[in-house]
Amino acid sequence: MRHLLSLGMAACIVLIMTTSAMAVGIGVYGDFQRGMTKSRTTNSISSDDIGVAGGLLLDTNVANDSLFNYRLRLGAGRNWASMEPQTRASIIQTFGVSPAQLRSEGARFWFGPRIGLHYIRMEYAASPDLESFGFIPMALLPIFLMNDNITMEAFKVDIGLVLAGFNFNFGRYITLSFEMGLDYGFTVGKTKSDLFRTKREVSGEGLEGFATMAVIFRINDTYTAKPNEAYTTDTGKKINIEVQ
């Protein structure tokens, strides 16, 4: 998890340093997720997942009158997979599109694809699966009746879509942003048994919905409508061209 956070922090620092003269928004966000994950390795068991997270956000175009924006989120939070707590660290990248008819000085509506990379860690107690060991001597039976502490570490990659993103601008510097959408993720990792010192591969996949709210401070990022351009023909007639 430390390597993932360090990579994301380095990316944020590089982007901030290279955008000192550009329009950029920097802020904090809170996120809520709800979905279901189906295990591909444990008898096709499904878990009902709920999660909350928060972190830092960087956006290359929060309020400006242009079509595209790139949004980077770096954060961490807690998930509950069928009530079992998990720790999650995430890097999420979104590529937004805002048609001219959907943006103005006070608000910007946008949508677009996103991709996320997550590190997940979970620790829980479980009873040993006696059937998997076959015959067990009576002298060793008390050991097999003890609860086993299981540690799971996994990586998840998801591809999704921001169905609706809204940026509401307040003055020259502050924006309140909302986004909601869906993603589909694939998880791979390993579990480790403290009692038997064994490891087992795990994997799963599932659909997740998310809703995010962010407060963003804008730097050189204001709505400036493209002016009408004009040129003069050879006959001396001036023609106005409206830039969309």
Side-chain angles (χ1 to χ4, degrees), residues 1-20 22-35 37 49-62 68-81 85-97 110-123 151-165 167 175 177-190 202-219 221:
M1 182 171 67
R2 290 194 300 269
H3 296 299
L4 186 63
L5 291 174
S6 298
L7 178 63
M9 187 63 70
C12 282
I13 293 173
V14 170
L15 283 172
I16 292 171
M17 292 177 63
T18 57
T19 55
S20 58
M22 296 172 57
V24 66
I26 302 171
V28 295
Y29 75 90
D31 193 52
F32 174 79
Q33 314 105 31
R34 180 67 185 268
T37 301
D49 304 333
I50 299 175
V52 292
L56 301 177
L57 175 150
L58 185 144
D59 197 311
T60 60
N61 181 15
V62 180
F68 298 108
N69 71 289
Y70 166 74
R71 177 169 290 192
L72 173 67
R73 286 165 42 188
L74 170 66
R78 297 281 283 180
N79 282 21
W80 289 267
Q86 301 175 342
T87 301
R88 177 194 284 197
S90 304
I91 297 176
I92 300 172
Q93 302 177 83
T94 305
F95 302 89
V97 180
W110 56 277
F111 55 89
R114 76 171 212 168
I115 183 170
L117 175 63
H118 315 271
Y119 168 82
I120 300 172
R121 179 182 174 88
M122 178 171 65
E123 298 180 2
T151 301
M152 184 197 77
E153 291 185 301
F155 285 95
K156 177 183 178 182
V157 176
D158 56 46
I159 300 174
L161 181 66
V162 176
L163 300 174
N167 297 347
T175 292
S177 181
F178 302 90
E179 60 183 282
M180 60 191 70
L182 298 169
D183 60 57
Y184 198 89
F186 302 88
T187 304
V188 293
K190 291 184 178 181
V202 294
S203 63
E205 59 183 273
L207 182 68
E208 183 179 76
F210 59 87
T212 306
M213 183 180 74
V215 178
I216 304 173
F217 178 78
R218 307 195 312 272
I219 303 173
D221 189 348

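Just so you know, these numbers come straight off a predicted model, no measurement behind them.
- The line from CG of Leu74 to CD of Gln93 is 11.0 Å long, rounded to the nearest 0.5 Å.
- Atom CZ of Arg88 sits about 12.0 Å away from atom CE of Met122, to the nearest 0.5 Å.
- What you find for Asp59 and Asn69 is that their closest heavy atoms are OD2-ND2, 3.2 Å.
- Scanning for ring-ring contact (aromatic ring centres under 6.0 Å, His included) contacts around Phe68 gives an empty result, with sequence neighbours left out.
- Side-chain atoms of Ser177 and Asn167 form a donor-acceptor pair, as typed in the model, at a separation below 3.5 Å.
- Inter-residue side-chain proximity for Val215 and Leu57 is flagged as unmet; no heavy-atom pair is nearer than 4.5 Å.
- Between Glu205 and Thr187, every side-chain heavy-atom pair lies at or beyond the 4.5 Å cut-off.
- Of the inter-residue distances, the one linking Ile50 atom CD1 with Arg78 atom CZ reads 13.5 Å to the nearest 0.5 angstrom.
- Heavy atoms of other residues, nucleotides or ligands lying less than 6.0 angstrom from CG of Leu163 number more than 12.
- Listed by chain and residue number, nothing satisfies the ring-ring contact (aromatic ring centres under 6.0 Å, His included) test with Phe32 (two or more places apart in sequence, or in another chain).
- Taking 4.5 Å as the limit, every side-chain heavy atom of Glu179 sits out of range of all side-chain heavy atoms of Phe111.
- For the pair Phe210 and Val162, the minimum side-chain heavy-atom distance is below 4.5 Å.
- Here the side chains of Tyr184 and Leu207 are in contact, with some heavy-atom distance below 4.5 Å.
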task: Could you check Asp221 against Asn61 for side chain to side chain contact (heavy atoms under 4.5 Å, CB included), going step by step and ending with a plain yes or no?
output: CA-CA 7 Å; Asp221 189 348; Asn61 181 15; 4.1 Å; yes
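- Rounding to the nearest 0.5 angstrom, the gap separating the CG atom in Leu56 from the CG atom in Leu72 is 9.5 Å.
- Nearest approach of Tyr29 to Gly75, heavy atoms of both residues: OH-CA, 3.4 Å.
- Using a 4.5 Å cut-off on side-chain heavy atoms (C-beta onward), Asp183 and Arg114 make contact.
- Residues Val52 and Trp80 form a side-chain contact, since some pair of their non-hydrogen atoms from C-beta on lies under 4.5 Å apart.
- Here CG of Leu161 is found 13.5 Å from CD1 of Ile115. Values are rounded to the nearest 0.5 Å.
- The two residues Ala53 and Gln33 come nearest to each other via the heavy atoms CB-NE2, 3.8 Å.
- Under the 3.5 Å distance criterion, with hydrogens and angles disregarded, no donor-acceptor pair is assigned to the side chains of Asn79 and Asp49.
- With rounding to the nearest 0.5 Å, the separation of CE in Met152 from CD1 in Ile120 is 5.5 Å.
- Of the possible polar contacts, one joining the Asp158 side chain to the Gly116 backbone as a donor-acceptor pair under 3.5 Å is found.
- With contacts defined as side-chain heavy-atom distances shorter than 4.5 Å, the pair Ile92/His118 qualifies.
- Closest heavy-atom contact between Leu117 and Val157: CD1-CG2, 3.9 Å.
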